[in-house]
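Below is one structure, written out as structure tokens, with a few remarks after it.
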Amino acid sequence: MRPLVLLVEDETGIAELLALNLRHEGFDVRHAATAEEAAAAVDQVLPALVLLDWMLPGASGVDLLRRWRAQARTRDLPIIMLTARVEESDRVQGLDLGADDYVAKPFSTRELMARVRSVLRRRAPDQAPQPLQVGGLRLHPASREARVSGALLKLGPTEFRLLQVLMAQPERVFTRSQLIDRVWGDHVAVEDRTVDAQVKRLRDALETGGAQGCVQTVRGVGYRFDTAAAQQLVAAAMAGNAAGDVGGTS
Ligand code: CA
């Protein structure tokens with residue numbers, strides 16, 4: 001389950017270069033050469049981010065941007081516009097229409113990858129490839145490992161993804177339906193009690209690893225990641241070291 005980037009670009013050479021770099025950065029890549037192909041791809045699966053070329057055969061990237069921003073499902077889709085146009089008025093138009101960033105061709109792929117990471121950190125932190133750390137809990141998206149004070153947690157893929165979503169925005173309360181969209185995907189039929197069952201499995205795994213209390217129930221709303229509980233792990237580890245034993249706090 002690597003985060004998906006939809007690459008909308010009609011020039012094959014640029015598309016291949018970008019796809020190579022994005023895969024190297026830890027993303028899955030889907031390529032569309034026209035606005036119509038891109039719209040169909042997004043109807044099927046909502047990507048983590050879209051790299052959208054301005055000039056396309058048929059409908060333009062700007063047409064597509066406008067259409068996506070007008071629909072509830074795609075309103076918050078992180079989008080970076082790519083374009084050979086360099087005039088400032090064009091750049092302003094792209095940003096006014098709701099692009100999250102704008103990169104003029106020719107661009108450096110290193111800079112573009114940095115912008116992809118930056119837009120994801122800002123707009124979809126649970127899809128960003130960087131490790132997440134809250135208190136004594138650390139999660140590595142690339143290796144799909146989560147550790148409590150260095151010790152590996154035993155997590156299935158869904159539990160891992162659930163922890164990633166919660167940890168990426170600590171203290172934020174997620175409803176069950178928001179968790180379903182982010183963990184299972186927005187086109188998948190999942191029942192609320194499946195979410196509850198998965199949260200229980202995640203809690204069991206955290207507790208086994210010594211990290212109880214990190215996933216809190218918010219009655220009548222949903223779930224949140226508790227920063228204080230994760231910070232407690234660091235304090236407990238330090239107290240344990242100082243006392244020369246393991247655990248020790250209650
Ligand atoms: Ca083009």
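Worth knowing before you read on, the calculation uses all heavy atoms, side chains too, and leaves out hydrogens, waters and symmetry mates. Note that this is a predicted model, so its numbers are computed, not measured. Both ligands and their constituent atoms are indexed starting at 1 by order of listing.
- Looking at Asp53 and the Ca ion (ligand 1) together, the shortest N, O or S contact belongs to OD2.
- Qualifying salt bridge (Lys or Arg N to Asp or Glu O under 4.0 Å) partners for Asp226, counting only residues two or more places apart in sequence or in other chains: Arg224.
- Here Glu9 does not reach the Ca ion (ligand 1): none of its N/O/S atoms is less than 3.0 Å from the metal.
- For Asp101 and Arg115, the salt-bridge test passes: some basic side-chain N is under 4.0 Å from an acidic carboxylate O.
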Indicate every side-chain donor-acceptor pair of residues 128-143 with a distance under 3.5 Å to a residue at least two apart or in another chain.
unit_1: Gln133; atom_1: OE1; unit_2: Arg138; atom_2: NH1; d: 2.8
unit_1: Gln133; atom_1: NE2; unit_2: Gly135; atom_2: O; d: 2.9
unit_1: Arg138; atom_1: NE; unit_2: His140; atom_2: NE2; d: 3.4

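- Atom OD1 is the N, O or S atom of Asp10 at the shortest distance from the Ca ion (ligand 1).
- Of all non-hydrogen atoms in Gln169 and Pro125, the two that sit nearest each other are CG-CG, 3.7 Å.
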